[in-house]
Amino acid sequence: MMLIPTHHFRDIERKPEYLQPEKCVPPPHPGPVGTMWFIRDGCGIACAIVTWFLVLYAEFVVLFVMLIPSRDYVYSVINGIVFNLLAFLALASHCRAMLTDPGAVPKGNATKEFIESLQLKPGQVVYKCPKCCSIKPDRAHHCSVCKRCIRKMDHHCPWVNNCVGENNQKYFVLFTMYIALISLHALIMVGFHFLHCFEEDWTNQQQAYRLPREGTAEARTSLHEIKQPLRSSTECSSFSPPTTVILLILLCFEGLLFLIFTSVMFGTQVHSICTDETGIERLKRKHQPRERRASWKSVKETFGGDFSPNWFNPFSRPCDPEPLSDRDWVRQVASLSDMGNTETTEEQSEERKDEDSVEVIDE
């Protein structure tokens with residue numbers, strides 16, 4: 001039934017139960033199109049909640065500490081609109097990345113009937129995942145958290161409580177981009193706030209708090225003179241100076257941390273899309289030639305067609321992947337010397353064969 005070279009599957013031969021497709025339970029009936037995808041992982045759910053909390057904290061500080069108390073209405077309105085729009089797009093992208101099926105392979109399809117229906121020819125093999133009992137197409141990897149094989153899996157991200165794969169990579173890229181932008185925007189506003197307010201309002205308020213509380217006429221007169229300019233000057237915060245400083249310092253720390261982290265993730269994802277190589281493929285590279293799509297074609301497939309504003313819209317879908325045909329489940333086994341350098345020595349070939357056998361089962 002399955003024509004498998006003995007040298008190619010040494011690890012599987014040590015576990016013969018993996019070669020028994022009759023033990024696989026038939027896959028459940030697929031749910032309706034658009035069914036919500038959600039991973040029940042405690043760590044991932046906690047990270048997703050923390051992500052929302054941090055964005056909402058930044059929203060609170062920006063609005064109630066910096067923008068609303070300011071009497072420069074044009075500054076407040078423009079920055080309020082920009083920051084809230086970016087925050088909305090970031091959270092929308094986060095939801096889409098978390099609740100979108102990343103490209104899961106049908107679970108339990110490695111049945112005897114299905115394998116026989118593929119009508120394998122000499123030199124053809126199928127890769128079976130013993131963990132979810134699925135036949136893995138090319139470039140699919142098993143995720144131990146999602147407990148599924150995911151097509152074009154890049155990595156599992158706890159911050160979105162989901163894998164980053166073929167169907168949701170666009171939303172993850174947008175999420176990292178918008179988080180980096182609101183972090184940068186918040187840092188710039190905090191810098192302006194410190195420069196504008198420290199010498200004006202906060203200096204005067206701190207002097208007022210330090211006045212002796214002796215109750216003398218002279219003390220009351222001094223307090224009245226100091227508070228007079230506070231009413232006429234621009235108010236920089238509804239909170240006391242120490243509370244305001246603490247809130248802004250925490251926002252600075254959060255903004256700087258997430259700006260660095262999400263910028264690196266954004267650059268890594270864009271590089272993976274342009275090179276048509278996922279993070280897992282980069283880590284498990286076997287120096288074997290693989291046909292790669294052109295950079296621009298890969299970018300268009302990820303973001304949904306030719307360049308347009310929809311590339312930046314988390315509510316527009318990427319290009320729908322073509323449904324898997326019978327040939328997508330089958331892989332051709334060719335000698336590595338034919339695929340690579342014809343002058344490869346026998347020792348190198350044997351070494352690569354051993355490496356190949358490790359790919360049969362994604363642990």
Side-chain angles (χ1 to χ4, degrees), residues 30 32-37 55 81-106 137-141 149-157 159-160 162-185 258-259 261-282 285 289-329:
V33 177
T35 301
M36 188 176 70
W37 171 277
V55 173
I81 291 175
V82 172
F83 187 86
N84 281 278
L85 178 61
L86 292 176
F88 171 76
L89 291 172
L91 293 179
S93 301
H94 182 271
C95 285
R96 293 303 300 270
M98 180 171 58
L99 303 179
T100 299
D101 180 351
V105 176
D138 193 22
R139 305 186 70 185
H141 301 277
C149 286
I150 308 296
R151 297 195 303 274
K152 283 185 65 178
M153 175 182 169
D154 187 88
H155 68 287
H156 183 93
C157 179
W159 295 105
V160 297
N162 201 1
C163 278
V164 177
E166 186 176 55
N167 296 343
N168 68 344
Q169 190 172 26
K170 169 188 175 177
Y171 308 129
F172 183 76
V173 171
L174 293 181
F175 168 66
T176 56
M177 181 183 75
Y178 287 129
I179 290 293
L181 289 177
I182 63 172
S183 299
L184 179 62
H185 190 200
F258 275 88
L259 175 61
F261 177 72
T262 54
S263 298
V264 171
M265 288 301 301
F266 175 77
T268 303
Q269 290 299 303
V270 171
H271 179 265
S272 294
I273 294 171
C274 292
T275 58
D276 192 27
E277 184 178 48
T278 66
I280 290 181
E281 290 169 348
R282 201 159 46 246
R285 186 181 293 157
R290 180 176 65 80
E291 183 180 353
R292 289 183 171 84
R293 293 171 296 180
S295 297
W296 186 242
K297 181 179 179 182
S298 179
V299 171
K300 289 197 296 183
E301 288 184 2
T302 301
F303 288 96
D306 294 325
F307 180 78
S308 71
N310 277 332
W311 276 25
F312 309 99
N313 179 11
F315 299 100
S316 68
R317 299 176 59 186
C319 291
D320 292 327
E322 297 180 0
L324 294 172
S325 61
D326 287 352
R327 63 181 177 82
D328 293 318
W329 303 106

Considering all heavy atoms, the nearest [X]-[Y] contact:
X: E281; Y: T278; result: OE1-N, 3.0 Å
X: S93; Y: L174; result: OG-CB, 3.5 Å
X: S272; Y: R282; result: OG-NH1, 3.1 Å
X: T176; Y: T262; result: O-CB, 3.5 Å
X: S263; Y: L259; result: OG-O, 2.5 Å
X: G165; Y: I150; result: CA-CG2, 4.3 Å

Atom pair [atom1]/[atom2] of [X] and [Y] - distance to nearest 0.5 Å:
X: Q269; Y: T302; atom1: CD; atom2: OG1; value: 9.5 Å
X: F266; Y: I179; atom1: CZ; atom2: CD1; value: 13.5 Å
X: H156; Y: C163; atom1: NE2; atom2: SG; value: 5.5 Å
X: H271; Y: D276; atom1: NE2; atom2: CG; value: 11.5 Å
X: H141; Y: K152; atom1: NE2; atom2: NZ; value: 11.0 Å

All side-chain contact (heavy atoms from CB on, under 4.5 Å) counterparts of L86, not counting sequence neighbours: V82, Y178, L181, I182
Examine distances only and state if a side-chain atom of [X] and a backbone atom of [Y] form a donor-acceptor pair shorter than 3.5 Å.
X: S316; Y: N310; value: yes
X: N162; Y: A97; value: yes
X: R96; Y: P314; value: yes

Should the ring pair F83 and H185 be called parallel, tilted or perpendicular, given that the plane angle runs from 0 to 90° and is split at 30 and 60? tilted
Dump the intermediate steps for side chain to side chain contact (heavy atoms under 4.5 Å, CB included) on D154 and I280, then the final yes or no. CA-CA 6 Å; D154 187 88; I280 290 181; over 6 Å; no
Checking side chain to side chain contact (heavy atoms under 4.5 Å, CB included) between I273 and each of K170, Q169, K300, which is the one that passes? Q169
State, yes or no, whether a side-chain contact exists between N167 and P318 at a heavy-atom distance under 4.5 Å. no
Could you tell me whether the side chain of P137 reaches within less than 4.5 Å of the side chain of R151, counting heavy atoms only? yes
With sequence neighbours left out, the residues meeting ring pair (Phe, Tyr, Trp, His ring centres under 6.0 Å) with F303 are W311
Determine whether L99 and H94 satisfy the following criterion, side chain to side chain contact (heavy atoms under 4.5 Å, CB included), listing intermediate values before the conclusion. CA-CA 9 Å; L99 303 179; H94 182 271; over 6 Å; no
I would like to know whether M98 and Y171 meet side chain to side chain contact (heavy atoms under 4.5 Å, CB included); could you show each step before the answer? CA-CA 9 Å; M98 180 171 58; Y171 308 129; over 6 Å; no
